[in-house]
Amino acid sequence: FGRRPFYIAGLLLFLVGSAVSGLSQNMGELIAARAVAGIGGGAMLALSATTIGDIFSPRQRGRWMGLIVSVFGLGSIIGPLVGGFITDHFGWRWVFLVNLPLGLIALALIATLLPRLAAHGRVRIDWPGIALLVGGVVPILMALTWAGITYPWGSVQVIAALAGGAVLLGAFAVWENHAAEPVMTLHLFESRAFTVAVSLSFILGVALFGALTFLPLYAQGVLGYSAQDAGLVLSPLMFGFVFGSLVGGQLTTRTGRYKTQTRIGIALAVIGMFMLSRLSASTPFSQAVVAMAVTGAGVGAVIPTLSVVVQSAFPYRMLGTANAARQFFNSLGAVMGIPIMATIVIETLKNELPRHLPAGGGAQLAKAATSGAQGLIAGQNQGLTEAFGKLPPALAHQVLTAVRVSLSIGVERAFILATVLMTLGLLTSFFLPEIPLRGTIQDHPTS
């Protein structure tokens, strides 16, 4: 059908979801509105990279993908600051409503300036495939979110959700082999370049979003920063990400190659993740800054390159399918990695906290401290204060120290997992083939 109308529709959905979020009267309305905005945002994420493939040759795509990815990084730095300022001075509703004027400007520019490219004619949408894929992924994500927090890993709820998701994904694989126009044809995985690229995208999703989630937790729960300052802690990571994206994209365009810089970028991410896994309750913040900058530069250098790899591995008519699949696995890595890492942090906290609490504190004190720390992990900034804020100052200090030490050990173990995954990614990158990047767009449709 062409990319342009769906990108515009995605932006409109995002704006409608933002407007309803800002005007919502209860939590149910807010959640539903955020889902609508998420559908629009997901469309724009997938289609932005594919649209670059419509307009530019494979060799030029690196430069422009690097620019797009770097803007995402800048938004991750500026967004929390602007959001905090708006919330403090105008109220939380304006965090959503401010999207409207900006989005309308973007809509006008896209409607006016984005080239119109001819579509491929009539197609059949794989609705059963879409339903089976979503139906299989959602229960697995729910199980990973519940496991070890809401329900034990061996509980009926977790096992049933994992099993149900696996059955539906199996049905999805069978169906896709028979669908006339599959939403994610399994023949994509016959390409080594695609298989390696989506594997790396999945791993990078775990690493990047794990860092975005647990570094503020480390800053707030271990270093004692305020919620607002904890958001600023991510700045070195995202500045490194912006730098890596711009440099990586430019190198791809200038050299026409990507294999070497992909390996270098992932090696940097391995080093950065290992440095993050060495953070402790007594680590100076300067060490965290270096670790974040190295991690961000490594991840940033690789992400735009992987999009170029996937787009270059297939003919033009497969551009949208291949790129959307890569984006899907990148997002899947993010949403699957975070609950797994959170489980590691919480289980470590439960096991370590009794060892560091004052002697003779009793089970009730340990339970209160654990509850407060878990509230902090869940984003409830007042959790620790409510848990033992009425204790005598000396005892409160001892408990707080115990929580910080235990929490730092949990975050350390979560980043050890990320380091192991990134090391697997580095090994995987050696199987990435070097596809010559053309200077022209193959099978480009006439406009």
Side-chain angles (χ1 to χ4, degrees), residues 49-50 52-53 56-70 72-73 187-208 240-274 293-316 318-319 321-330 333 418-442:
T50 311
I52 291 295
F56 300 102
S57 69
R59 186 154 181 168
Q60 291 293 324
R61 288 170 194 164
R63 172 183 299 160
W64 296 104
M65 279 305 305
L67 183 62
I68 284 180
V69 172
S70 67
F72 164 79
H187 293 298
L188 290 171
F189 292 93
E190 295 174 0
S191 166
R192 191 175 71 178
F194 176 83
T195 303
V196 172
V198 296
S199 300
L200 294 177
S201 293
F202 181 89
I203 292 170
L204 288 170
V206 175
L208 177 61
F241 184 86
V242 170
F243 175 79
S245 301
L246 292 173
V247 171
Q250 288 288 341
L251 284 175
T252 301
T253 294
R254 289 178 180 274
T255 65
R257 297 179 178 274
Y258 54 78
K259 193 172 181 178
T260 300
Q261 73 183 56
T262 299
R263 291 177 182 171
I264 293 173
I266 295 179
L268 282 174
V270 171
I271 294 170
M273 280 293 171
F274 177 76
V294 172
T295 302
V299 174
V302 177
I303 286 183
T305 302
L306 293 179
S307 182
V308 174
V309 172
V310 168
Q311 293 183 13
S312 302
F314 300 99
Y316 179 84
M318 295 290 294
L319 197 66
T321 301
N323 192 76
R326 189 207 63 80
Q327 179 68 47
F328 172 79
F329 280 99
N330 181 251
T419 304
V420 171
L421 289 175
M422 287 306 307
T423 303
L424 291 175
L426 180 60
L427 296 175
T428 303
S429 70
F430 283 88
F431 295 94
L432 186 68
E434 187 86 77
I435 300 173
L437 299 181
R438 302 182 307 274
T440 58
I441 302 178
Q442 189 182 29

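In this chain, residues are counted from 1 in sequence order.
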Next item on the list: Taking all heavy atoms of Phe430 and all of Arg263, pick out the closest pair and write down the distance.
Entry: CD2-CZ, 3.4 Å
Next item on the list: Not counting sequence neighbours, which residues clear side chain to side chain donor-acceptor pair (under 3.5 Å) with Asn330? List them please.
Entry: none
Notebook entry, point to check: Are side-chain heavy atoms of Thr262 and Leu200 found at a separation under 4.5 Å?
Noted result: yes
Notebook entry, point to check: Do you know which two heavy atoms are closest between Gln261 and Thr305, and how far apart they sit?
Noted result: NE2-OG1, 3.1 Å
Margin query: Is any side-chain heavy atom of Phe241 closer than 4.5 Å to one of Ile303?
Written below: yes
Note to self: Please find the pair of heavy atoms, one from Asn323 and one from Ser307, that lie closest to each other, and give the distance.
What the structure shows: OD1-OG, 3.1 Å
Check: Are Leu204 and Met422 side-chain neighbours, meaning at least one heavy-atom pair lies under 4.5 Å?
Finding: yes
Note to self: So, taking the atom named CG in Leu208 and the one named OG in Ser201, what distance separates them when rounded to the nearest 0.5 Å?
What the structure shows: 11.5 Å
Next item on the list: Grab the two heavy atoms, one from Ser70 and one from Ser245, that are nearest each other, plus how far apart they are.
Entry: N-CB, 3.9 Å
Next item on the list: Find out whether Phe274 and Thr423 are in side-chain contact, i.e. whether some heavy atom of one side chain is under 4.5 Å from a heavy atom of the other.
Entry: no
Item checked: Between CG on residue Leu424 and CD1 on residue Ile266, distance to nearest 0.5 Å -> 11.0 Å
Item checked: N/O donor-acceptor pair under 3.5 Å between Thr195 side chain and Arg192 backbone -> no
Next item on the list: Say whether, by atom type as modelled, one donor and one acceptor occur between the side chain of Thr419 and the main chain of Met273 under 3.5 angstrom.
Entry: yes
Item checked: Side-chain heavy atoms of Tyr258 within contact of Leu432, under 4.5 Å -> yes
Checklist line | Contact summary for Ala322 and Phe314, nearest pair of heavy atoms | finding: CB-CD1, 3.7 Å
Next item on the list: Determine whether more than 12 heavy atoms belonging to other residues, nucleotides or ligands lie under 6.0 Å from atom CZ of Phe431.
Entry: no
Checklist line | Contact summary for Leu426 and Ala267, nearest pair of heavy atoms | finding: CD1-N, 4.0 Å
Check: How far does OG of Ser312 sit from CZ of Phe194, to the nearest 0.5 angstrom?
Finding: 13.5 Å
